[in-house]
Amino acid sequence: MAGLALFTCTSCATPARKWSGQCPVCNSWNTLVEIATVKTKTEVQTLSSVSVADGAPRPTGVDEFDRLFGGGLLPSSVTLLYGEPGAGKSTLLSQVALAAAARGTTVLLICAEESAAQVRLRTERLGTLPDKLLIIATTSLDESLLAAESSNADLVIVDSIQALRASDVAGPSGAINQLRTCAERLVALAKHRGPAVIIVGHVTKDGEVAGPRSLEHMVDTVVAFEGDRHQTLRIARAVKHRFGTTGEVGLFEMGATGLSTVDDPGQLLLDEHVVDVAGSALAIVLEGHRPLVTELQTLVVDAHGGSARRTASGVDHARISLLLAVLEARCGINLAGLDVFASVTGGLRATEPAVDLPLALALTAAVTERALPRGLAGFGEVGLAGELRRVRGAERRIAEAQRLGLRGVIVPATTPEMNTSITVLRAATLGEAIELVRTF
Ligand code: TYD
Ligand code: MG
């Protein structure tokens, strides 16, 4: 391994491979300084000669997890899995570790938050412990890296990066410079030694700036794990994926024996739907490529002279303000002086523009105290002129409504015609949609 020094001229910034008294470019004297000694381990090669033999994703065996990565984890890849405390990150990764080790992958769990005994107790409840499942309980980054090297693990799981500490860096664990250094060295471990690395990070709802999300650019894949301890449905969402498509989601249900696959998430969400309440509406959202029927709930109450509040959970705050403005200006429905609450059931996040139409219908129902017809779902974006705009994936959304046995769907008039047995109501404007649902 040859050492290679690199110099630069402090006067003209030209890089040079050799030191000399005078810069060969700007002729200044004594301006060359050494900026780096590069250990040449990495060689330049033609792109066509790059070996891709080990570039295939390796399934862990947890299908809903593997689908986020297009089939499995790539060797040398680094994934950041973040979510709120209690979301189920450790549970999910225990199950991933169990499944992968059972398939012959050597898995090393680096537990910086829990004792080895605690992890054993949990993991044992979730499945039979395979021999290839290794653990080290430590908060030391150095010990972790050594363990990863000496165990020759193919998959290294770090839970969590906030509890890990590099001894040569100032500051307590969880501090931003600690997080960065730990992530940097774990990335280097993956790139030089070859294991896939999964890093857990805790985030809070407020999404602090100096937290693990600031590591997103350093890793290959970022998975957001959503849902809280009060809800059964958990969603793992690939928000960044350097090796393929993003937006894929994995759906899980938290139960007594950990996370299990939700066979029919649509049915699960629909089962929780309260019918005949003025203010609720069914929306057909797309989670990745998967259509889901979910319930939007709204409530409007007199603000009693105080300044009207808009409270949203799972739906976009700004969209609500926009819809209230459109309802007032284009449909003559006035919600001034009213407190408005909106939420999505099942712990989902319905932030795509397609929820505009059902959300506006729910708000209209709430303020007019007239429940929407049963078994009707909708999707569509609402424009500032009150017009309805088509959204992607209309066919899949309508097919899902039909599969669940709903009575009808309401969609923007510009949605392409399709062959379906479910009643499709088409409206050009929000005002038209409000009229149409009254007579459905
Ligand atoms: P955990 O995986 O520890 O969350 P995180 O690592 O994201 O902080 O688990 C979160 C919750 O899941 C916890 O409240 C207990 C619950 N849980 C179950 O309901 N069933 C189970 O089998 C397990 C292991 C946990
Ligand atoms: Mg945990």
Side-chain angles (χ1 to χ4, degrees), residues 60-62 64-65 68 79-102 107-130 133-139 141 144 155-165 173-174 178-179 182-183 186 197-208 211-213 215-216 219 221-239 249-263 265 268 272 346-349:
T60 63
V62 177
E64 287 293 295
F65 184 74
L68 301 172
T79 300
L80 172 68
L81 176 87
Y82 71 80
E84 288 176 35
K89 301 179 293 298
S90 301
T91 309
L92 174 64
L93 293 179
S94 295
Q95 290 177 249
V96 166
L98 274 174
V107 183
L108 175 67
L109 288 173
I110 297 171
C111 297
E113 286 184 4
E114 296 164 293
S115 71
Q118 273 174 317
V119 176
R120 176 181 175 165
L121 285 174
R122 175 181 59 233
T123 313
E124 223 163 31
R125 283 206 298 115
L126 302 170
T128 316
L129 301 181
L133 182 46
L134 312 174
I135 184 166
I136 177 170
T138 179
T139 55
L141 175 71
S144 303
L155 172 59
V156 174
I157 297 174
V158 181
D159 189 359
S160 69
I161 190 151
Q162 270 117 326
L164 221 50
R165 188 168 184 281
S173 57
Q178 282 288 350
L179 291 180
C182 292
L186 289 165
V197 174
I198 304 177
I199 300 172
V200 172
H202 295 290
V203 297
T204 53
K205 267 214 172 72
D206 315 325
E208 68 272 66
R213 295 198 53 183
L215 307 172
E216 287 194 10
V219 302
T221 307
V222 178
V223 175
F225 199 54
E226 295 170 3
D228 59 49
R229 61 188 102 217
H230 310 296
Q231 265 133 0
T232 50
L233 194 64
R234 300 291 199 284
I235 301 179
R237 199 187 302 267
V239 291
V249 293
L251 293 171
F252 303 92
E253 217 175 336
M254 182 64 92
T257 51
L259 295 156
S260 54
T261 307
V262 186
D263 293 326
L268 178 89
E272 294 180 359
L348 285 179
R349 240 190 257 166

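In what follows, residues are counted from 1 in the order of the sequence shown. Order of listing sets the numbers, starting from 1, for every ligand and every atom in it.
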Suppose I only count heavy atoms of [X] and a 4.0 Å limit; which atoms of ligand 1 are within that range?
| X | value |
| --- | --- |
| Glu84 | 7 (O) |
| Thr91 | 1 (P), 2 (O), 9 (O), 23 (C), 24 (C), 25 (C) |
| Arg125 | 21 (C), 22 (O), 23 (C), 24 (C) |
| Arg122 | 24 (C) |

Identify the heavy atoms of [X] and [Y] that sit nearest to each other, and give their distance.
| X | Y | answer |
| --- | --- | --- |
| Ala99 | Val62 | CB-CG2, 3.9 Å |
| Val239 | Ala224 | CG1-CB, 4.2 Å |
| Glu113 | Ala163 | CG-CB, 3.8 Å |

Answer side chain, backbone, both or neither: which part of [X] comes under 4.0 Å from ligand 1, heavy atoms only.
| X | result |
| --- | --- |
| Thr257 | backbone |
| Ala256 | backbone |
| Lys89 | both |

Q) Within the distance-only criterion (no hydrogens, no angle test), does the side chain of Arg234 pair as donor or acceptor with the backbone N or O of Ala87 below 3.5 angstrom? A)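 Between the backbone of Ala87 and the side chain of Arg234 there is a qualifying donor-acceptor contact (under 3.5 Å).
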(Q) Main chain of Leu259, side chain of Gln95: is a donor-acceptor contact present, judged purely on distance under 3.5 Å? (A)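 Here the side-chain-to-backbone pair exists.
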Got an N/O contact under 3.5 Å between [X] and ligand 1?
| X | answer |
| --- | --- |
| Ser90 | yes |
| Pro85 | no |
| Gly258 | yes |
| Met254 | no |

Q. When Tyr82 is tested against each of Arg213, His202, Glu226 for side chain to side chain contact (heavy atoms under 4.5 Å, CB included), which residue passes?
A.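 Only match with Tyr82 under side chain to side chain contact (heavy atoms under 4.5 Å, CB included): Arg213.
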Q.
Out of the candidates Val107, Leu108, Leu109, Ile157, only one should pair with Ile135 under the side chain to side chain contact (heavy atoms under 4.5 Å, CB included) rule; please name it.
A.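 Testing each of Val107, Leu108, Leu109, Ile157 against Ile135, the sole residue satisfying side chain to side chain contact (heavy atoms under 4.5 Å, CB included) is Leu109.
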Q.
So is Gly255 touching ligand 1 or not, going by heavy atoms under 4.0 Å?
A.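 The answer is yes: ligand 1 sits under 4.0 Å from a heavy atom of Gly255.
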Q. Hey, does Ala87 sit under 4.0 Å from ligand 1 if you only count heavy atoms?
A.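 Within the 4.0 Å threshold, so yes.
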**Q.** More than 12 heavy atoms from other groups under 6.0 Å of CZ on Arg122
**A.**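 It does: Arg122 CZ has more than 12 such atoms within range.
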Q. When you check the side-chain N and O atoms of Thr261 and Glu64, is any donor under 3.5 Å from an acceptor?
A.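 There is no such pair between these side chains.
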Q) Does any N, O or S atom in Ser160 come within less than 2.8 Å of the Mg ion (ligand 2)? A)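 Short answer: no, not a single N, O or S atom is under the cut-off.
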